[in-house]
Amino acid sequence: MHRSLLSSPRIITTARLSLLPPGLEQLPDLIRLKTDETVFGYMLHGARSMERVREELEDDIAFWQVRGYGTWSVFLRETGDFLGIAGLMERPDGRGIAVRFALWPACRGKGYAREAAKAGVEFGHAAGLPRIIGVARESNHPSRAVLMDIGMRECDEFENRGHRMLVFESLAPG
């Protein structure tokens with residue numbers, strides 16, 4: 001555990017976005033997002049049930065308290081609209097700490113995923129995480145483009161449920 005992670009400010013503001021650690025008040029937005037197959041179909045374990053979203057929110061809140069990082073809810077600063085999620089998670093397959101992002105389809109092509117993912121990776125490195133990975137299906141060209149555009153490089157691959165998965169990495173400067 002990196003001590004600086006527990007003491008780092010947890011709210012991130014970028015040029016256009018506010019990234020806030022999740023709270024119970026965000027449950028309705030998270031249910032709409034995570035139960036939507038068009039948004040969460042590509043995520044690890046796919047779209048969620050409403051009950052699973054509730055459990056994940058509780059887990060995410062606890063993870064922040066223990067680890068000092070996690071998944072943020074992403075809001076457009078100008079309007080306060082909920083756009084989706086982005087952040088850092090420990091992959092259950094043991095590959096490491098990964099950046100993740102899932103925004104509403106209407107957000108595509110506007111650079112919001114890049115902005116949020118980059119902010120999450122920079123947060124993690126500034127707080128002491130030496131290596132952060134990103135994983136995308138080979139067929140998911142938009143996610144692959146986001147990972148490459150924020151400076152990650154392809155470093156590995158694996159098969160998951162018949163899909164070729166590409167692993168990207170970002171190493172802390174220095």
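The structure presented is a predicted model; accordingly, all values stated were derived computationally and were not measured.
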Enquirer: Stepwise, does the side chain to side chain donor-acceptor pair (under 3.5 Å) test hold for His163 with Ser139?
Expert: CA-CA 8 Å; His163 297 283; Ser139 62; 5.1 Å; no
Enquirer: When rounded to the nearest 0.5 angstrom, what is the spacing between CZ in Arg77 and OG in Ser18?
Expert: 5.5 Å
Enquirer: Please check if Leu166 and Leu171 belong to a single hydrophobic cluster, counting links between Ile, Leu, Val, Met, Phe, Trp and Tyr side chain heavy atoms closer than 4.5 Å.
Expert: no
Enquirer: Any side-chain heavy atom of Met152 sitting closer than 4.5 Å to one from Val99?
Expert: yes
Enquirer: To the nearest 0.5 Å, what is the distance between CZ (Phe75) and CH2 (Trp72)?
Expert: 14.0 Å
Enquirer: Tell me, do Lys118 and Ser170 make a side-chain contact under 4.5 Å, heavy atoms counted?
Expert: no
Enquirer: If the threshold is 4.0 Å, N to carboxylate O, is there a salt bridge linking Arg67 and Glu90?
Expert: yes
Enquirer: Check the pair Leu17 / Tyr112 against side-chain contact (heavy atoms from CB on, under 4.5 Å), numbers first and verdict last.
Expert: CA-CA 8 Å; Leu17 306 174; Tyr112 296 143; 3.8 Å; yes
Enquirer: If you define the side chain from C-beta out and look only at heavy atoms, does anything of Arg164 sit under 4.5 Å from Glu159?
Expert: yes
Enquirer: Just do the side-chain contact (heavy atoms from CB on, under 4.5 Å) check on Arg153 and Phe168 with the steps written out, would you?
Expert: CA-CA 5 Å; Arg153 67 170 188 81; Phe168 298 78; 5.8 Å; no
Enquirer: Can you find a pair of side-chain heavy atoms, one from Leu19 and one from Ser73, that are under 4.5 Å apart?
Expert: no
Enquirer: Kindly confirm or rule out a cation-pi arrangement of Arg10 over Phe123, judged by NZ or CZ under 6.0 Å from the six-membered ring centre and within 45° of its axis?
Expert: no
Enquirer: Please tell me if the side chains of Phe101 and Val146 come closer than 4.5 Å, counting only heavy atoms from C-beta onward.
Expert: yes
Enquirer: Can you find a heavy atom in the side chain of Asp36 that is under 4.5 Å from one in the side chain of Trp104?
Expert: yes
Enquirer: Determine the minimum heavy-atom distance between Ile61 and Pro22, stating which atoms define it.
Expert: CG1-O, 3.4 Å
Enquirer: Hey, is Arg48 close enough to Glu56 for a salt bridge, meaning N to O under 4.0 Å?
Expert: yes
Enquirer: Is there a side-chain contact between Leu147 and Glu154, using heavy atoms and a 4.5 Å cut-off?
Expert: no
Enquirer: How far apart are the closest heavy atoms of Gly84 and Leu33, and which atoms are they?
Expert: CA-CD2, 3.8 Å
Enquirer: Do the non-hydrogen side-chain atoms of Lys34 and Ile85 ever get within less than 4.5 Å of each other?
Expert: yes
Enquirer: What is the minimum heavy-atom distance between Pro92 and Met89, and which atoms define it?
Expert: CD-CE, 3.8 Å
Enquirer: Do Phe158 and Val135 pass the side-chain contact (heavy atoms from CB on, under 4.5 Å) test, and can you show the C-alpha distance, the side-chain angles, and the key distance before you say yes or no?
Expert: CA-CA 10 Å; Phe158 63 97; Val135 177; 3.9 Å; yes
Enquirer: Going from CD1 on Ile12 to CD on Glu122, what distance comes out if it is rounded to the nearest 0.5 angstrom?
Expert: 8.5 Å
Enquirer: Can you name the nearest heavy-atom pair linking Ile132 to Leu88, along with the distance?
Expert: CG2-CD2, 3.9 Å
